[in-house]
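Single-structure report; data block below.
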There are 2 protein chains.
Amino acid sequence: MTTLWERSRQVAVQAILDTAVRLFAEQGYEQTTIAQIAREAGISQRSLFRYFGTKEDLVCGDQEALGNLLKRTVEQQPAEMSAWDALRAGFEVVLTANHTPERALELSRLIFDTPSLRARYIEKRLSWQAELVPVIRARLGNGPGRPAPDTQARAIVATVFACADTATELWAGHDGRLDLADLYDQCLGAVRGQG
Amino acid sequence: MTTLWERSRQVAVQAILDTAVRLFAEQGYEQTTIAQIAREAGISQRSLFRYFGTKEDLVCGDQEALGNLLKRTVEQQPAEMSAWDALRAGFEVVLTANHTPERALELSRLIFDTPSLRARYIEKRLSWQAELVPVIRARLGNGPGRPAPDTQARAIVATVFACADTATELWAGHDGRLDLADLYDQCLGAVRGQG
DNA sequence: GTCCTCCTGGCAGTTAATGCCAAGTAGGCG
DNA sequence: CGCCTACTTGGCATTAACTGCCAGGAGGAC
């Protein structure tokens with residue numbers, strides 16, 4: 001039940017999203033105004049702000065869902081798997097669940113080329129990081145002479161995200177011709193010594 | 001020559017900065033308007049925007065200088081020093097050059113607690129990263145079977161910044177009672193295996 | 001049909017930020 | 001000292017992202 005509203009809402013969201021991404025690609029993010037997107041999507045400016053709280057959410061909005069997916073996937077990895085491998089597995093799942101590669105490439109380029117978008121994107125990712133820290137901490141063995149588990153977990157999560165980000169940037173810079181998972185492994189290998 | 005203008009400019013900048021930081025600490029960043037800062041600092045709103053291009057620059061403004069300092073310091077490390085050690089040395093210099101610890105703590109907390117500020121801070125950080133990549137690449141030995149130097153350099157720089165950020169967040173969370181350089185080493189150690 | 005609920009659109013208002021122009025001030029020069 | 005030039009300052013208008021408020025319309029239960 002309560003389906004028609006939700007369905008038309010989904011349709012509206014998709015129409016707005018398509019319009020926005022098209023306009024951003026055509027004339028750039030900063031040069032595109034909310035008024036223009038609303039006009040071309042056939043919706044009022046006021047309602048657009050109800051669907052997407054901010055202009056940046058038009059690009060980074062569905063990151064929320066990906067964050068949850070990542071967390072759930074990492075949690076479900078076997079307990080004997082190391083923190084690094086569990087995160088790697090989560091990253092892999094998120095990659096395949098993303099969008100079509102073309103769309104993902106378009107969005108990645110938009111984000112990496114627009115400072116304010118990139119900042120916003122990372123801001124969202126920081127909240128995933130925070131949520132992942134306890135999950136990773138639970139997976140760490142408390143070896144002797146190691147830093148506090150919290151510090152350790154935070155550092156590991158931050159590093160994994162930094163490498164994922166770097167890999168994505170390289171991937172977008174090469175127009176998606178390289179394999180993203182490969183790039184991720186290379187980045188992590190460069191950091192952890194041939195990992 | 002051209003001293004009186006520069007001197008009074010310095011005075012004005014400092015007065016604005018003090019007013020702004022005080023107001024931010026008192027009532028929060030979002031709740032403080034540019035108009036209020038300008039009024040209390042005895043300057044017109046228009047001139048305030050000439051000194052500081054954006055509201056966020058009132059907090060993150062001098063990060064620019066720190067970025068340059070970091071880059072120069074890393075460049076000047078002996079050629080035989082590893083990329084990791086050179087970055088570590090640069091980080092150390094930046095730490096001591098920062099501000100008084102109290103001021104640094106206050107600013108760090110403000111940044112970490114205010115999403116838009118944190119986003120802006122990361123944006124600045126990303127531009128340092130980009131500038132540091134060629135410096136680090138020049139320092140990498142082209143061992144066999146390694147990833148492309150560019151990938152390697154980007155990954156290393158991103159990781160170092162991720163650890164520095166994590167350490168700063170932990171430091172601010174503990175009210176500055178822990179040693180920041182220690183935290184940085186712990187983070188990097190957790191990532192690189194007892195580094 | 002009636003009522004209730006939720007969504008939508010318009011309108012006004014706030015805030016950050018930018019361009020423009022007139023007025024003021026420092027400093028060099030006769 | 002008086003003048004001219006260079007540069008700064010402040011007020012005004014404007015834009016763009018948001019937000020609150022309120023009237024009106026479209027589902028859905030009875």
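Values reported hereafter were calculated over all heavy atoms of this structure, with side chains retained and with hydrogens, waters and symmetry mates removed.
- B/Ser127 contributes a side-chain N or O that, together with a main-chain N or O of B/Lys124, makes up a donor-acceptor pair within less than 3.5 Å.
- OP1 or OP2 of C/dG9 lies within a sub-4.0 Å distance of a side-chain N or O belonging to A/Ser44.
- To the nearest angstrom, C1' of C/dC6 lies 16 Å from CZ of A/Arg7.
- There is no path of hydrophobic side-chain contacts, each under 4.5 Å, that joins A/Met81 to A/Tyr184.
- Partner of B/Leu170 under the side-chain contact (heavy atoms from CB on, under 4.5 Å) criterion, out of B/Leu180, B/Leu178, B/Leu183, B/Asp165: B/Leu183 alone.
- One finds a salt bridge joining A/Asp185 and A/Arg88 here, because a Lys/Arg side-chain nitrogen approaches an Asp/Glu carboxylate oxygen to under 4.0 Å.
- A straight line from CD1 of B/Ile43 to P of D/dT9 spans 7 Å, rounded to a whole angstrom.
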Problem set entry | Annotated protein contacts, base or backbone, on nucleotides 15-23 of chain C with a non-hydrogen cut-off under 4.0 Å, one of B, S, - each | SSBBBB---
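- Looking at heavy atoms from C-beta onward, B/Arg22 lies in side-chain contact with B/Thr19 at the 4.5 angstrom threshold.
- Protein atom CD1 of A/Ile37 is 12 Å distant from nucleotide atom P of D/dA16, rounded to whole Å.
- The distance from atom CD1 of B/Ile16 to atom C1' of D/dG10 is 13 Å, rounded to the nearest whole Å.
- OP1 or OP2 of C/dT8 sits under 4.0 Å from a side-chain N or O of A/Tyr51.
- In this structure, CZ of B/Arg9 is placed 8 Å from P of D/dT8, rounded to the nearest angstrom.
- If you measure from atom CZ of A/Arg39 to atom P of C/dG9, you get 15 Å, rounded to the nearest angstrom.
- Within 6.0 Å of CD on B/Gln27 lie more than 12 heavy atoms contributed by other residues, nucleotides or ligands.
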